[in-house]
Amino acid sequence: MDWLPVVKARRAESAGSHVEIRGWVRTRRDSKGGFSFLEINDGSCLGNLQVVVPASLSNYTTDVLRLSVGASAIVRGELKASPGKGQSTELAATEVVVLGLADPATYPLQKKGASLEFLRTIAHLRPRTNTFGAVSRVRNQVCASIHAFFQERGFLYVNTPIITASDCEGAGQMFRVTTLDPDKPPRLPNGTIDHSQDFFGKQTHLTVSGQLEGETLACALGRIYTFGPTFRAENSNTTRHLSEFWMVEPEVAFFQLEDNMDLAEAFLRRLATDALNNCQEDIDFFVERVDPHVRTTLTALAEQPFARISYTEAVAKLEASGEAFEHPVKWGIDLQSEHERWLTEKHVGRPAIVHDYPKEIKAFYMRLSDDGRTVRAMDVLAPRVGEIIGGSQREERLPVLEERMRASGLEPEAYSWYLDLRRYGTVPHAGFGLGLERAVQMITGMTNIRDVIPFPRAPRLADF
RNA sequence: UCCCUUGUAGCUCAGCGGUAGAGCAGCCGGCUGUUAACCGGCGGGUCGUAGGUUCGAAUCCUACCGGGGGAGCCA
């Protein structure tokens, strides 16, 4: 007798086979007509398998009638075409083995929906809900698509370090990594902490980006991508920030900004297309329960070209919009959330790539344009989610890069290995970073980023 | 970190100055090829915590703690 996942057992063509199902009870409905209905879910799909259990089973009263939401069981029997509505097959049980009961008086999940806020407090049981199951399957699809997309294009998957000694990677606050005793760290004569006695003999942190290391690999292997955990110690309390998140960072030698934009657009389009094709049932669920526009948005993402607009044009459009923005628009300012939202949601109504930003508001490594005022940066803005990709063509000219570092208050000496890439065989290159969780938000319509990762890490939040 | 908002039964919420409520869940009974099943009954709360105002506080005020939303930072 084959152990069949529910996703296969639910297909009409499986009717007639004798199978075994292993999973968790979602509901039980008793009929005095001499049987009970169980719905079993095993995570293989959103839908449950309806099991018809006859009261004639020897353990019907002792075991089956004690099954409640959350209990685990193995059921064997014959799959039949279902006469009822809502499913094409059902399992006529000949044997039910209870593995673990779930006391309904204390089990926190029930048939009726719980709020996302409450589910966050029970992150260990949250995967058993429809919503989180659907999110998990879509997240898995997105990860699979990421690898497929880059592998098909000849990109090498490379791994950059999680613990880094780069003192300042330029992207905000970092988490310190140390084995020193915080109560009595070794000190130098002048009273400051002696980091030479720390585990790595120097100060180290969790990475905020694999980009700089990624560039070294791209400047040898051509096209690479990293995909791993990333850490930001910013005190951000929003629906789109995490302290620990997953980031995809492709980096390509001989690419210019236009190539980079083409890549980013094809990449996001692929994520949308694969989700639409391979997660239909889950997307249906999001349309019904989370955001009725999810499918429309995804289809537009998959089919329509993104709008491309330079920062300078964007500012002109914003100034001419007649909107009363809380933060006034002026060339040189960083675009605020309200501006990005107006651009994507009202002005173009789809994802937009804003490119060529003023150098003052962007990082030192972005390539300076001939105008001397802007750098070859790009942000991909998605409706609702905001910035989903940030990237640039990198500054490959040594003197220009050194000058930009000094202007940013950085010591070029501290980045000697990074500068070596420009010193020896420099090439133009470009890359970007995609926040995995933001991509999953965009695809599922989930509004809070803490609901698209199993165990969210955020300020004051490191439970489980 | 700032602004707004919120904390009442296991869950979702109502009550907003006069003796704590509903739906769901749970327990008991009934009914049923059911599918967020249905019908009847029962149990269940130091109203986030600590102060204050008042004859009287879940309700008004203050502080603290937790949740949510928005802003900044960014992916």
Nucleic acid contacts of residues 54-77 of chain A, taken as heavy-atom distances under 4.0 Å to RNA chain B: none
- line: Taken in chain and number order and not counting sequence neighbours, the residues that satisfy side chain to side chain donor-acceptor pair (under 3.5 Å) with A/Glu345 are none
message: Any strand counts, and the cut-off is 3.5 Å on both contacts for Watson-Crick or G-U wobble. Which nucleotide pairs with B/rC2?
response: B/rG70
query: Are the ring of A/Phe245 and the six-membered base ring of B/rA75 within the stacking cut-offs of under 5.5 Å and under 30°?
result: yes
message: Going by salt bridge (Lys or Arg N to Asp or Glu O under 4.0 Å), name the pairs with one or both residues in residues 94-107 of chain A, residues two or more places apart or in two chains.
response: A/Arg76-A/Glu95
Return all side-chain donor-acceptor pairs below 3.5 angstrom for residues 79-86 of chain A, not counting sequence neighbours, or 'none' if the list is empty.
| unit_1 | atom_1 | unit_2 | atom_2 | d |
| --- | --- | --- | --- | --- |
| A/Ser82 | OG | A/Gly84 | N | 3.3 |
| A/Ser82 | OG | A/Gln87 | NE2 | 3.0 |
| A/Ser82 | OG | A/Glu90 | OE1 | 2.9 |

field: Heavy-atom check, side chain of A/His347 versus side chain of A/Lys317, under 4.5 Å
entry: yes
- line: Residues passing the side chain to side chain donor-acceptor pair (under 3.5 Å) test with A/Glu215, sequence neighbours excluded, are A/Gln211, A/Tyr418, A/Arg422, A/His429
Using residues 6-14 of chain A as the side-chain source, report each donor-acceptor pair under 3.5 Å to any protein atom, sequence neighbours left out, with the distance given to one decimal.
| unit_1 | atom_1 | unit_2 | atom_2 | d |
| --- | --- | --- | --- | --- |
| A/Arg10 | NH1 | A/Asn48 | O | 2.7 |
| A/Ser14 | OG | A/Lys8 | O | 2.7 |

field: Residue pairs passing the salt bridge (Lys or Arg N to Asp or Glu O under 4.0 Å) test where at least one lies in residues 50-59 of chain A, sequence neighbours excluded
entry: none
Close N or O pairs between protein and nucleotides 35-45 of chain B (under 3.5 Å):
| unit_1 | atom_1 | unit_2 | atom_2 | d |
| --- | --- | --- | --- | --- |
| B/rU35 | O4' | A/Arg29 | NE | 3.1 |
| B/rU35 | O4' | A/Arg29 | NH1 | 3.4 |
| B/rU35 | O4' | A/Arg29 | NH2 | 3.3 |
| B/rU35 | O2 | A/Gln50 | OE1 | 3.4 |
| B/rU35 | O2 | A/Gln87 | OE1 | 3.0 |
| B/rU35 | N3 | A/Lys85 | O | 2.6 |
| B/rU35 | N3 | A/Gln87 | OE1 | 3.4 |
| B/rU35 | N3 | A/Gln87 | NE2 | 3.3 |
| B/rU35 | O4 | A/Lys85 | N | 2.4 |
| B/rU35 | O4 | A/Lys85 | O | 2.8 |
| B/rA37 | OP1 | A/Lys111 | NZ | 2.9 |
| B/rA37 | OP2 | A/Arg29 | NH1 | 3.4 |

Please set out all donor-acceptor pairs under 3.5 angstrom arising from side-chain atoms of residues 456-464 of chain A, sequence neighbours excluded.
| unit_1 | atom_1 | unit_2 | atom_2 | d |
| --- | --- | --- | --- | --- |
| A/Arg457 | NH1 | A/Asp463 | O | 3.2 |
| A/Arg457 | NH2 | A/Phe464 | O | 3.1 |

- prompt: Under the 3.5 Å rule, do the base of B/rG72 and the side chain of A/Gln336 count as making a donor-acceptor pair?
  reply: no
field: Pairs satisfying salt bridge (Lys or Arg N to Asp or Glu O under 4.0 Å), at least one member in residues 46-64 of chain A, at least two apart
entry: none
Report all interatomic pairs (protein N or O, nucleotide N or O of nucleotides 64-69 of chain B) with separations under 3.5 Å.
| unit_1 | atom_1 | unit_2 | atom_2 | d |
| --- | --- | --- | --- | --- |
| B/rG68 | OP1 | A/Arg120 | NH1 | 2.8 |
| B/rG69 | OP1 | A/Asn448 | ND2 | 3.0 |
| B/rG69 | OP2 | A/Asn448 | ND2 | 3.3 |

message: Between the base of B/rC74 and the side chain of A/Ser236, is one N or O donor paired with an acceptor at under 3.5 angstrom?
response: no
- prompt: Rounding to the closest angstrom, what is the interatomic distance between B/rA71 and B/rC13 at atom C1'?
  reply: 29 Å
message: Tell me which residues in residues 128-142 of chain A lie within less than 4.0 Å of RNA chain B, going by non-hydrogen atoms.
response: none
